Amino acid sequence: EPSEKGLKDYYKDYFPIGVAVYPQALEGESAELILKHFNSMTPENVMKMGPIHPEEDRYNWEYADQVADFAVKHNLKLRGHALCWHNQAGDWLFKGENGGQVSKEVLLQRLKDHITTVVKRYKGKIYAWDVVNEAISDKEDEFLRDSQWYQICGEDFIIKAFEYAHEADPDLKLFYNDYSAVHPVKRDKIYKLVKMIQDAGVPIHGVGIQGHFSIYEPSEQDLRDAIEKYASLGVEVQITELDVSVYHKEHSRRDPLPKDEDDTFKPEQEQKQIEQYDMLFRVFRDYKDTLTGVTFWNISDRYSWLDNFPVRGRKNYPLLFNEELQPKKAYYKVIDFE
Ligand SMILES: Oc1ccccc1CN[C@@H]1C=C[C@@H](O)[C@H](O)[C@H]1O
């Protein structure tokens, strides 16, 4: 019998609703929740450079295949994450023969081999890839992040990553993905980077605003300004990693203080979260002709990456479904429109 509508049904005339998943979530009650509310998925970790390609001559397809097979079986859209990133990448990538630093030429060849192999394996199953993740610096006066990619290759690794991905599968939607993408300073740097890629004559189809927001930010105006600025480049925009932390955003990990914080979910936090999710989806709906996807990062408050970042072990409640996988008050706000 037709089960009552899920999030994806309320938004079928707007954009696909995605969720970050891991293989263990693809059965039982979490699988039921995924199939009821979502029509797109992104593997949270299993297609990152390190997990899928831990050694130069070894790929680990097992878990990535499980996610891809689930998407194909249930006709869900599938986003790939992430072909080139400075985090969770195998150390072997940056090591030369004699254990010293790898040369630019060898590193770019390794990047090409990785991208070509991974993209071709999932051709026809993955429609869009986060080709480069988080290449922009958080430092006010620095354009690109001073990662090993940048230290060894300069900005070329970014252009080449998009070139290699397009060569491997010309039908793919190629995204640049980053966090704090709504913050005006970083927004303008991302704009500059996308324009640089376009000016290099290399295909880029979209900007991924990760959307790791909180009950305190972003403002509605900053969100609108960012979506409009990226759209002015003639590219798609997606919210690729949405969650609404109940704490102020921080961008680097810190050790937990002695259990000095009561990390239960408080009524005043929930009230702010309801208001923030209401604003976010009102804006997303306004930009339905620009936004081609909204993906939540993790499924429910039962597990969020924010439970361990920036503070290990501090419980967070950032999503629309609670620890019992039931809709929270914010969920009913997000579906209450028209
Ligand atoms: O919000 C941040 C602040 C500082 C560094 C990274 C991020 C976000 N970084 C994201 C979050 C979780 C990972 O699973 C994703 O792959 C990554 O894109």
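Please read these numbers as outputs of a predicted model, since none were measured by experiment. Order of appearance sets the numbers: ligands from 1, and atoms from 1 within every ligand.
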| remark: Sorted by chain and residue number, the residues with a non-hydrogen atom under 4.0 Å of ligand 1 are Lys48, His81, Trp85, Asn133, Glu134, Tyr179, Gln210, His212, Glu241, His251, Trp297, Trp305, Phe309
| Under the ring-ring contact (aromatic ring centres under 6.0 Å, His included) criterion, do Tyr14 and Phe337 qualify, and how do the steps go? | CA-CA 12 Å; Tyr14 291 87; Phe337 61 94; 5.4 Å; yes
| query | Is a side-chain N or O of Gln198 found less than 3.5 angstrom from the main chain of Leu233, in a donor-acceptor match? | reply | yes
| note | Those residues at least two apart in sequence (or on a different chain) that pass side chain to side chain contact (heavy atoms under 4.5 Å, CB included) with Val118 are Ile52, Tyr59, Trp61, Leu83, His114, Tyr122, Trp129
| said: Restricting to side chain to side chain contact (heavy atoms under 4.5 Å, CB included), what partner residues turn up for Glu324, sequence neighbours left out? | reply: Asn322, Gln326
| Is it the case that Asn87 and Glu134 place a side-chain donor and acceptor less than 3.5 Å from each other? | no
| Pairing residues for Asn308 by the side chain to side chain donor-acceptor pair (under 3.5 Å) criterion, not counting sequence neighbours | none
